[in-house]
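Structure, as structure tokens:
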Amino acid sequence: MKELDWANLPFGYMKTDYNVRVYYRNEQWGELEVCSEETIPMHMAATCLHYGQEAFEGLKAFRGKDGKVRIFRLEENAARLQSTCRGILMPELPTERFKEAILKVVKLNERFIPPYESGASLYIRPLLVGTGAQVGVHPANEYLFVVFVTPVGPYFKGGFSTNPYVIIREFDRSAPLGTGIYKVGGNYAASLRANKKAHDLGYACEFYLDAKEKKYIDECGAANFFGIKDNTYITPKSTSILPSITNKSLMQLAEDMGMKVERRPVPEEELSTFEEAGACGTAAVISPIERIDDVENGKSYVIAKDGKPGPVCTELYNKLRGIQYGDEPDIHGWVTIL
């Protein structure tokens, strides 16, 4: 393999050597299979194609200064996938089988793990799809769990820098008692139009208000929101927000730093009171928010007055990255060393 330009990797798909697969048939999970094919043979009546019976996860592996490879919070990803399985009636993959698949696929593709300090990481994508043929709206009787990896650069081109966001009112990402709390593809399909509109208007990403009243901050298209003020880390509480593992980690780190943590509804007007704010998720870790525009109502909530990431966002970002790369002590037992 020719040496990759690690420092300039896009956040995109690149072919690697192997993926791993586990089939669910006859009401039980089979053994782990290693595959070098990039395609999946599938029945045209598979439930994932017709009724959206599919779930996915996203996590990363990092190469540390010590040469060791660390995978961040894989048990949490296993638990979230299991929650999604319960939500859309798929068989739950046991945590041990999930862990075995992740460790296997990372080990098999070790040459694609970017070097320390390249700013890149190995993105891990577990996917669970209903493969059983079904014409009526019912859960499938067969499933495929597959995990592939790809080396990726930063999610936003500028890396850790502030970005402008825009509130989009004409589309909802998910309903209050819908699938918003599960990591299913349909939520992302529902965000595509709003995301395109935000990009066309020159923004990094769209922002959603709650679907019911359009009064409260919900989340960005693919990330949770948090705001900082009065030594408090505040993040929205809602029945339509995906529970971000990055957000959960940042809440813990904020507590470790002596901050208060609040999970509660955040009315739109409160945006004007935040000293700092960010969007957080596996892909970007933290994307500090420069401003959030409410174009429809002619309002602009400028958060980063000087256009730079604030001190709390910076400290949180550095702490989390430090744990991921092994530069900070992992006191909460978040990383699995390969």
Side-chain angles (χ1 to χ4, degrees), residues 1-20 35-39 56-74 77 101-127 146-163 183 188 192 195-196 198-199 203-205 220-223 244-246 249 278-288 309 313-314 316-328 334-338:
M1 152 176 138
K2 69 176 189 340
E3 186 61 23
L4 290 169
D5 182 3
W6 299 110
N8 293 301
L9 281 179
F11 192 90
Y13 175 78
M14 177 188 295
K15 181 176 171 25
T16 51
D17 292 334
Y18 300 101
N19 57 80
V20 299
C35 187
S36 55
E37 272 299 311
E38 292 175 276
T39 56
F56 68 99
E57 279 297 324
L59 59 162
K60 284 179 175 176
F62 306 85
R63 194 184 295 281
K65 193 190 288 182
D66 55 7
K68 290 179 181 167
V69 174
R70 290 169 174 81
I71 303 167
F72 189 66
R73 304 209 75 172
L74 64 73
N77 284 92
I102 302 298
L103 293 176
K104 183 85 171 172
V105 77
V106 173
K107 191 87 184 140
L108 287 170
N109 294 288
E110 205 165 343
R111 70 193 185 104
F112 290 96
I113 304 172
Y116 177 72
E117 280 192 333
S118 61
S121 55
L122 187 74
Y123 187 79
I124 306 163
R125 171 53 61 87
L127 175 70
V146 58
V147 189
F148 65 84
V149 297
T150 181
V152 295
Y155 191 70
F156 291 112
K157 283 191 178 67
F160 185 67
S161 56
T162 58
N163 285 295
K183 201 163 173 68
Y188 296 83
L192 291 173
N195 184 262
K196 182 181 185 309
H199 285 166
Y203 294 92
C205 204
C220 313
S244 158
I245 292 164
T246 304
S249 308
C280 61
T282 297
V285 185
I286 293 176
S287 172
C313 279
T314 304
L316 285 168
Y317 177 80
N318 289 338
K319 267 195 189 314
L320 190 65
R321 299 272 290 172
I323 294 166
Q324 290 173 334
Y325 281 99
D327 297 333
E328 290 256 349
W334 287 345
V335 297
T336 302
I337 296 177
L338 199 61

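Since the model is a prediction, treat every value here as computed from it, not as a measurement.
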Checklist entry - Could you go step by step and tell me if Met14 and Leu4 meet the side-chain contact (heavy atoms from CB on, under 4.5 Å) rule? => result CA-CA 11 Å; Met14 177 188 295; Leu4 290 169; 3.8 Å; yes
Next on the checklist: To the closest 0.5 Å, what do you measure between CG (Leu74) and CD1 (Ile124)?
Outcome noted: 7.5 Å
Checklist entry - Considering all heavy atoms of both residues, which atom of Cys205 and which atom of Cys220 are nearest to each other, and what is their separation? => result SG-CB, 4.2 Å
Checklist entry - Got a second to check how far Cys35's SG is from Asp17's CG, nearest 0.5 Å? => result 12.5 Å
Item to check | Given Tyr18, Tyr13, Tyr123, Phe112, the one that forms ring-ring contact (aromatic ring centres under 6.0 Å, His included) with Phe148 | outcome: Tyr13
Next on the checklist: So Arg63 and Glu117, do their side chains get closer than 4.5 Å, heavy atoms only?
Outcome noted: no
Item to check | Between OG on residue Ser118 and CG on residue Asp5, distance to nearest 0.5 Å | outcome: 10.0 Å
Checklist entry - Is it the case that Asp327 and Tyr116 place a side-chain donor and acceptor less than 3.5 Å from each other? => result yes
Checklist entry - At what distance, to the nearest 0.5 angstrom, does CZ of Arg321 lie from CD1 of Ile286? => result 10.5 Å
Checklist entry - Just wondering, do Cys280 and Val285 contact through their side chains at under 4.5 Å, heavy atoms? => result no
Checklist entry - Step by step, would you call Lys319 with Glu328 a side-chain contact (heavy atoms from CB on, under 4.5 Å)? => result CA-CA 7 Å; Lys319 267 195 189 314; Glu328 290 256 349; 4.3 Å; yes
Checklist entry - Any side-chain heavy atom of Pro126 within less than 4.5 Å of one from Asn77? => result no
Next on the checklist: Show, in sequence, the C-alpha distance, side-chain angles and deciding distance for Lys65 and Tyr325, and conclude whether the side-chain contact (heavy atoms from CB on, under 4.5 Å) test is met.
Outcome noted: CA-CA 7 Å; Lys65 193 190 288 182; Tyr325 281 99; over 6 Å; no
Checklist entry - Any side-chain heavy-atom pair from Gln324 and Arg70 closer than 4.5 angstrom? => result no
Checklist outcome for this item: Tightest non-hydrogen contact, residues Ala222 and Tyr188, listed as CB-CE2, 4.3 Å
Checklist outcome for this item: When rounded to the nearest 0.5 Å, the distance separating OG1 of Thr16 from CG of Leu122 is 7.5 Å
Next on the checklist: For a 4.5 angstrom cut-off between non-hydrogen side-chain atoms, does Val146 reach Val20?
Outcome noted: no
Checklist entry - Yes or no on side-chain contact (heavy atoms from CB on, under 4.5 Å) for Lys107 and Leu338, after CA distance, side-chain angles and deciding distance? => result CA-CA 7 Å; Lys107 191 87 184 140; Leu338 199 61; 4.0 Å; yes
Checklist outcome for this item: Smallest heavy-atom separation, Pro288 atom then Pro309 atom, equals CG-CB, 3.8 Å
Item to check | From CD (Glu57) to CD1 (Ile102), nearest 0.5 Å | outcome: 9.0 Å
Checklist outcome for this item: All heavy atoms of Asn19 vs all of Val147, minimum pair found to be CB-O, 3.2 Å
Next on the checklist: Main chain of Ala204, side chain of His199: is a donor-acceptor contact present, judged purely on distance under 3.5 Å?
Outcome noted: yes
Checklist entry - Between Tyr317 and Phe160, what is the ring plane arrangement, given parallel below 30°, perpendicular above 60°, and tilted in between? => result parallel
Item to check | Residue pair Thr150 / Gly12: nearest heavy atoms and the distance that separates them | outcome: OG1-O, 3.3 Å
Next on the checklist: Does any part of the side chain of Thr282, heavy atoms only, come nearer than 4.5 Å to the side chain of Lys60, both counted from C-beta?
Outcome noted: yes
Next on the checklist: Using the rule given for side chain to side chain donor-acceptor pair (under 3.5 Å), can you reason through Ser249 versus Arg73, listing the C-alpha separation, both sets of side-chain angles and the distance that settles it, and then say yes or no?
Outcome noted: CA-CA 9 Å; Ser249 308; Arg73 304 209 75 172; 2.9 Å; yes
Item to check | Shortest non-hydrogen contact from Leu9 toward Pro151 | outcome: CD1-CB, 3.7 Å
Next on the checklist: Does any part of the side chain of Phe72, heavy atoms only, come nearer than 4.5 Å to the side chain of Leu320, both counted from C-beta?
Outcome noted: yes
